[in-house]
Number of protein chains: 2
Amino acid sequence: MTTLAPVAPSPGGHLLHPVVRKLSAYGALTGQEQAALAGLGAGAQRVEGRFDLLSEGAVPESAVLVVEGVACRYRHRPSGARQITAYLLPGDLCDLDFVHPCRMNHSVGTIGTCRVARVPREALAGLVARHAGIARGFRLAKLAEEETTREWVMNVGCRSAIERVSHLLCELHERLRVVGWATKAGYDLPLTQQDLADTTGLSNVHVNRVLRQLRLMRLVEVGGKRVDILNLAGLQAIAEFQADYLRPAVD
Amino acid sequence: MTTLAPVAPSPGGHLLHPVVRKLSAYGALTGQEQAALAGLGAGAQRVEGRFDLLSEGAVPESAVLVVEGVACRYRHRPSGARQITAYLLPGDLCDLDFVHPCRMNHSVGTIGTCRVARVPREALAGLVARHAGIARGFRLAKLAEEETTREWVMNVGCRSAIERVSHLLCELHERLRVVGWATKAGYDLPLTQQDLADTTGLSNVHVNRVLRQLRLMRLVEVGGKRVDILNLAGLQAIAEFQADYLRPAVD
DNA sequence: CGCGCTTTTGAATATGTTCAACCTCAGTGG
DNA sequence: CCACTGAGGTTGAACATATTCAAAAGCGCG
């Protein structure tokens, strides 16, 4: 039931642009900064699911801002196996460092239908140069992204199947909550079980079994493009989920 | 047999500071820039193995520059399991973004004996502000670090045991080669099999079996703190190793 | 030498994969 | 309206891969 109207009110009821909500979590922004940021999403286009926004090998001239929907970074092995290495949620910017062009080492594609804005490198650089709050926000957002990738290494490297899946569900919940797309009760999620498998390093069959187990444990119900959280504390406990890696503390 | 003399000539015979060699790989540096960079390592101190340079929860005031030896980023789970999420080799800078202080989400510790310099945040910021080549080098180095972490997610998420270990050995070889600490024949490496296990998400026992297999396949011999490469092409083939993620191409 | 850490090996076990079948449901077209 | 279709989800059984446990051997160092 993802709404894709021109102006999409998120479940939290806020009309603020997700990128504004996201960066605000890293420190207050002035009204001017909020307006400038929101302007980035002005030309957002609707993009179908399973569509590549940036392809491996390309040298993109624009960054990609996800305004609505879910996209991911991924790569295929010669064998055909796919690994998803990050999710891009509303408010997330797929940067490219906004200084120098450089060759993409992986692809970025949508999962479900998205609304996405292309942001020219110069526009980003200008924003950062003029607004200290935005510069700071982007810096911390990038730091959070790095920490998240490390957390994923941890997840896939040393957690059991049920822990991995739980951790992923907790992370998505927390990140969507910040931008107003999740409530305590749950969130919409267009991922298939195969997507979850390609993220957690499990087989789709085993993901299915893990999800059933989580349902029987009355922790969370995943299905029909929807995640219903029955017992958040319990889910976080299994996952050993600590949200602090998502918000780099700065005193 | 790691040399730890005050001025350590690397096996490649170069006397250049590893950080100079590393950043030069991302674009030529002026003599002035090289000198300024090399100055960072001036006050390097010797640090024993298995020693924490930065601890989880701390808010460091200085970055850490590894001049010699091997260190790593790691974290422990409550269960005691450890995951290594990155290696810091000679020339690597454990930054902290050199702008804002922020809380460490993981620890950084030495593996074997190291020579390490603490670099105050301001010194780094000054260097970057004054020297375009250094700024560019750091930017690309950071990009390479991010790509490397994603590559690790790939490694642990969807490769078999022998592929994971091979890939790690290839990556370390390539990175050490750039800074002059590896030859085609191999390199010194102070890691235990347990360290390899904590990196690849395997048990120490299984790492041992994989290493034996690689030895029997006449690809590489690991032991006695030394990695002897018998068939680099073969090892890279097993690992599907593509070094390009280590050097972000910029036309 | 003796101690502690690392490496090595075997056997039993756990965990997750593969393969193949079947089910469900939404969308499509007769 | 219903049959058809295809993608995604579910299930069982056989299997592969890696873990755990336990014991012994090697090695560096005081």
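Labels below follow one simple rule: chain letters A, B, ... track the order of the sequence lines, proteins then strands, and each chain is numbered from 1.
Between the CD atom of A:Gln194 and the P atom of D:dT10 there is a distance of 14 Å, given to the nearest Å. As a whole-Å value, the separation of B:Asn204 CG from D:dC21 P is 12 Å. If you measure from atom CG of A:Leu211 to atom P of D:dT11, you get 11 Å, rounded to the nearest angstrom. Rounded to whole angstrom, the span from the CZ atom of A:Arg212 across to the P atom of D:dG12 amounts to 7 Å. Atom P of nucleotide D:dG8 and atom CZ of A:Arg50 are separated by 7 Å, given to the nearest angstrom. Rounded to an integer number of Å, the gap from CD1 of B:Ile162 to C1' of D:dA16 is 15 Å.
Note on B:Glu151 versus A:Arg75: salt bridge recorded, some NZ/NE/NH1/NH2 to OD/OE distance being below 4.0 Å. A salt bridge links A:Lys22 and A:Asp92; the closest N-O separation between the charged side-chain nitrogens and carboxylate oxygens is under 4.0 Å. Residues A:Asp195 and A:Arg82 are paired through a salt bridge, judged by an N-O separation under 4.0 Å between the basic side chain and the carboxylate.
Within 6.0 Å of CZ in B:Arg50 there are more than 12 heavy atoms belonging to other residues, nucleotides or ligands.
For A:Tyr87 and A:Trp152, the ring centers sit closer than 6.0 Å to each other.
Phosphate proximity of D:dG9 to A:Asn208: absent, as no side-chain N or O sits under 4.0 Å from OP1 or OP2. The phosphate of D:dT10 has OP1 or OP2 within less than 4.0 Å of a side-chain N or O from A:Gln193. Applying the 4.0 Å criterion to OP1 and OP2 of D:dT19, one finds that B:Arg209 has every side-chain N and O outside that range.
Residue contacts shown for B:Ser203 include a base, since a base heavy atom lies under 4.0 Å away. Within 4.0 Å of B:Leu202, counting heavy atoms only, lie sugar-phosphate atoms of the nucleic acid but no base atom. Within the 4.0 angstrom heavy-atom criterion, no nucleotide atom of any strand lies near A:Gly224.
Chain A approaches DNA chain C within less than 4.0 angstrom (heavy atoms of the protein), and the contacting nucleotides run 5' to 3' from C:dG16 to C:dC19.
The only member of A:Arg150, A:Arg73, A:Arg247 that meets salt bridge (charged side-chain N to carboxylate O under 4.0 Å, His left out) when paired with A:Glu145 is A:Arg73.
Counting all heavy atoms, side chain and backbone alike, B:Ala71 lies closest to B:Val66 at CB-CG2, 4.4 Å.
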